[in-house]
Amino acid sequence: MGILQLIETPTKESGLLEWILFLATKYSSTFLKATWVTLYIAVIGTILGFLLGFLIGVINTTKISPEDGPVKKCLFRFAKAIAMIYMEVFRDTPMIVQGMVIYYGLRQGDVLITSAIAGILVTLLNTGAYMGETVRGGINSVDPGQKEGALAMGMSHTGAMFYVVIPQALKNIFPEMGNTFLNNLKMTSVLNVIGVSELFLAAKTAGGSYYKYFEAYLVIAVIYFVLCFVFNRIFLAAEKKLEGRSDYEIATEYLEEN
Amino acid sequence: MSEVVIKVEDLRKSFGDHEVLKKIEFEISKGEVVCIIGSSGSGKSTLLRCINHLENPTEGIVLFHDEEVKNTQRSLANYRSRVGMVFQSFNLFNNMTVLENCMFGTRKILKLNKEECKKRAIKYLRKVGMVAYINARPAQLSGGQKQRVAIARALCMTPEVLLFDEPTSALDPEMVGEVLKVMKDLAAEGMTMIIVTHEMEFAKNVSTRTIFMDNGYIVEDESPDILFTNPKNMRTREFLKRYMER
């Protein structure tokens, strides 16, 4: 609390910087908590959304062959239909509206859902709908010969996808996955409408108490920027790691023992 | 007469209305090296892909040791793990190193222990002269090197038959030789092979039987001495004549 006492309540004559510093320190715990909420909703929602997206991408790229049994055919047709409807609905409506509909809809249906859980749900469903298409594109970008190579050795379709196709698709769509996460991190701001205490709501509260909205939103703008900047660097580093080394070592140890 | 390994009975394949293979009867015995020649679009590659069921035959069956290869996951997996395939475009797994490529099948499909997988990989990579490159990734190799790794990868499964789908067609002339040499060595060791190829010299010198395909039919199935010097069929003669004129 030491720093709090150092900064006096600014007066009418105080400058912009003073107000920003004042709000940032006075509401530091609110902003910190809100940053944490923003982060965990974005991270959990995105990871679950990625999993959902991969599932949908795989379903949509699986071809139904005429030789398949009737049960398998029906199952896949059904799954594809569900996936199509889901993607259409979530890509054709705004996230802010989805938040309202899901939160208040569930509440009216007597499902006691917290706004944070609803926020994660909205983020994951939104991410899944877009990722489904990204993953489909990623899988289609892998040369069909890669899968054939695995099949021709006796690998199952699932195994070929899991060991050979998806790792390569993942590498191809990695930059897009980074984009999606950054987008989600910022889009959590719309969740203030269902009362999620994330950064936007924190700024609204802090700014509202002193009628200093511009200053309060500048504070969270900086926080969003720093978060995104840091994650961007992490993604770039991870991408580089994923690419692997551009050179290789000649295995001389096996050359000698002829 | 030695044991028949693969037999194809009344095989037909259509893509839509277009019939690519018409009533194919074919068999290969242990130790035979069969080269399939013919112009592009004659159905050679499709036949090879039907033999290991990468394309499902529209009609007819493939027999492996007198047993029908059924279109079920288990039957196919067992059959394919005993019949290796080498592709025109190599199809090495781009997300793995050379060593991982060669250990993939033995590890994940035959489920052998790690030491055995590595031992085999090293053994066959040495055989094709690629053992120094175990740490490389496919993208870092030349075409000829990739194809030699692909052959080693197929050999690691210790297959009974090896299928080659135009293995040298994507290579520049300098690299064709190194791949053909590996294949020649395999033939000399008695490996049973079916090879779709445009390398006439190779077919003439290495195969024990040569098949000429045209327009979805097997036109001629002869020993190479006869097929290349004294073909019976008009189409075969035309094809070979045009080939020699180049």
Side-chain angles (χ1 to χ4, degrees), chain A residues 62-73 76 138-174 239-258, chain B residues 49 52-56 58 71-74 76-101 104-110 121-123 125-126 129-141 150 153-154 156-157 159 163 165:
Chain A
T62 307
K63 287 191 186 73
I64 306 172
S65 65
E67 291 89 7
D68 287 335
V71 180
K72 195 179 166 192
K73 266 187 200 166
F76 260 103
I139 288 175
N140 287 340
S141 74
V142 177
D143 170 24
Q146 293 286 311
K147 189 175 180 185
E148 273 184 3
L151 291 182
M153 295 169 98
M155 197 68 178
S156 63
H157 278 274
T158 322
M161 287 299 283
F162 186 77
Y163 291 116
V164 178
V165 179
I166 289 182
Q168 293 182 47
L170 187 75
K171 196 175 139 190
N172 291 348
I173 64 171
F174 194 77
E239 196 183 325
K240 222 171 185 177
K241 182 126 191 164
L242 215 60
E243 224 145 72
R245 292 170 50 178
S246 58
D247 58 344
Y248 59 92
E249 276 159 27
I250 293 283
T252 43
E253 66 268 30
Y254 291 108
L255 276 182
E256 283 150 13
E257 40 172 294
N258 256 320
Chain B
R49 290 168 62 82
N52 83 343
H53 272 258
L54 277 178
E55 300 289 353
N56 285 311
T58 311
N71 205 5
T72 61
Q73 177 79 53
R74 184 182 293 184
L76 277 184
N78 174 44
Y79 168 64
R80 283 172 175 162
S81 68
R82 295 162 71 185
V83 176
M85 175 110 174
V86 175
F87 297 87
Q88 179 178 353
S89 50
F90 329 119
N91 296 357
L92 290 178
F93 307 131
N94 292 328
N95 55 329
M96 302 178 199
T97 64
V98 166
L99 184 65
E100 284 163 349
N101 262 284
F104 180 77
T106 42
R107 193 93 184 99
K108 301 283 191 262
I109 297 159
L110 302 183
I122 299 292
K123 176 180 166 192
L125 281 169
R126 174 169 292 140
M130 286 298 294
V131 75
Y133 298 89
I134 51 171
N135 301 317
R137 289 181 177 274
Q140 295 161 332
L141 303 176
R153 179 176 73 173
C156 284
M157 303 287 284
L163 312 177
D165 186 8

| said: Side chains of Arg80(B) and Met153(A), heavy atoms from C-beta outward: is any pair under 4.5 Å? | reply: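 Counting from C-beta outward, Arg80(B) and Met153(A) never come under 4.5 Å.
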
Spacing of [atom1] belonging to [X] relative to [atom2] belonging to [Y], to within rounding of 0.5 Å:
X	Y	atom1	atom2	value
Leu151(A)	Asn52(B)	CG	CG	9.5 Å
Glu55(B)	Glu148(A)	CD	CD	7.5 Å
Lys108(B)	Tyr163(A)	NZ	OH	4.5 Å

Any idea which of [options] has the most non-hydrogen atom pairs under 4.5 angstrom with chain A?
options	value
Ile134(B), Leu76(B), Asn56(B)	Asn56(B)
Leu110(B), Asn71(B), Leu54(B)	Leu54(B)
Ala132(B), Ser81(B), Ala77(B)	Ala132(B)
Asn94(B), Leu99(B), Val131(B)	Asn94(B)
Gln73(B), Met157(B), Gln140(B), Met85(B)	Gln140(B)
Asn78(B), Leu92(B), Val83(B)	Leu92(B)

| Hey, does the side chain of Asn91(B) reach the backbone of Gly145(A) with a donor-acceptor pair shorter than 3.5 angstrom? |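 Checking the backbone N and O of Gly145(A) against the side chain of Asn91(B), a donor-acceptor pair under 3.5 Å is found.
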
| Just by modelled atom types, is the Glu249(A) backbone N or O under 3.5 Å from a matching donor or acceptor in the Asn135(B) side chain? |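 Looks like yes, one N/O pair under 3.5 Å.
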
| said: Restricting to non-hydrogen atoms, name the atom on Phe87(B) and the atom on Ala152(A) that form the minimum distance, rounded to 0.1 Å. | reply: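 For Phe87(B) and Ala152(A), the tightest heavy-atom pair comes out as CZ-CB, 3.8 Å.
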
| field | Over 12 foreign heavy atoms within 6.0 Å of OH, Tyr248(A) | value |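 Check passes, neighbour count above 12.
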
| query | So does Lys73(A) have more than 12 non-hydrogen atoms from other groups sitting under 6.0 Å from NZ? | reply |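 More than 12 heavy atoms, drawn from other residues, nucleotides or ligands, come within 6.0 Å of this atom.
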
| field | Proximal component of Arg49(B), with respect to chain A [non-hydrogen, under 4.5 Å] | value |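 When you check distances to chain A, only side chain atoms of Arg49(B) fall under 4.5 Å.
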
| message | For a side chain to side chain contact (heavy atoms under 4.5 Å, CB included) check, start with the C-alpha distance between Met96(B) and Val164(A), then their side-chain angles and the critical distance, and finish with the verdict. | response | CA-CA 9 Å; Met96(B) 302 178 199; Val164(A) 178; 4.2 Å; yes

| request: Go through Val165(A), Ile250(A), Asp143(A) and name the one with the most non-hydrogen pairs under 4.5 angstrom from chain B. | output: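 Greatest number of close heavy-atom pairs with chain B: Ile250(A).
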
| field | For chain B, the option from Ala150(A), Pro144(A), Gly159(A) that forms the most heavy-atom pairs under 4.5 Å | value |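 Option with the top pair count is Ala150(A).
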
| query | Run the side chain to side chain donor-acceptor pair (under 3.5 Å) check on Asn95(B) and Gln168(A) step by step: do they pass? | reply | CA-CA 6 Å; Asn95(B) 55 329; Gln168(A) 293 182 47; 3.3 Å; yes

| field | chain B contact via Asp247(A) - side chain, backbone, both or neither, heavy atoms under 4.5 Å | value |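 Just the backbone, heavy atoms under 4.5 Å.
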
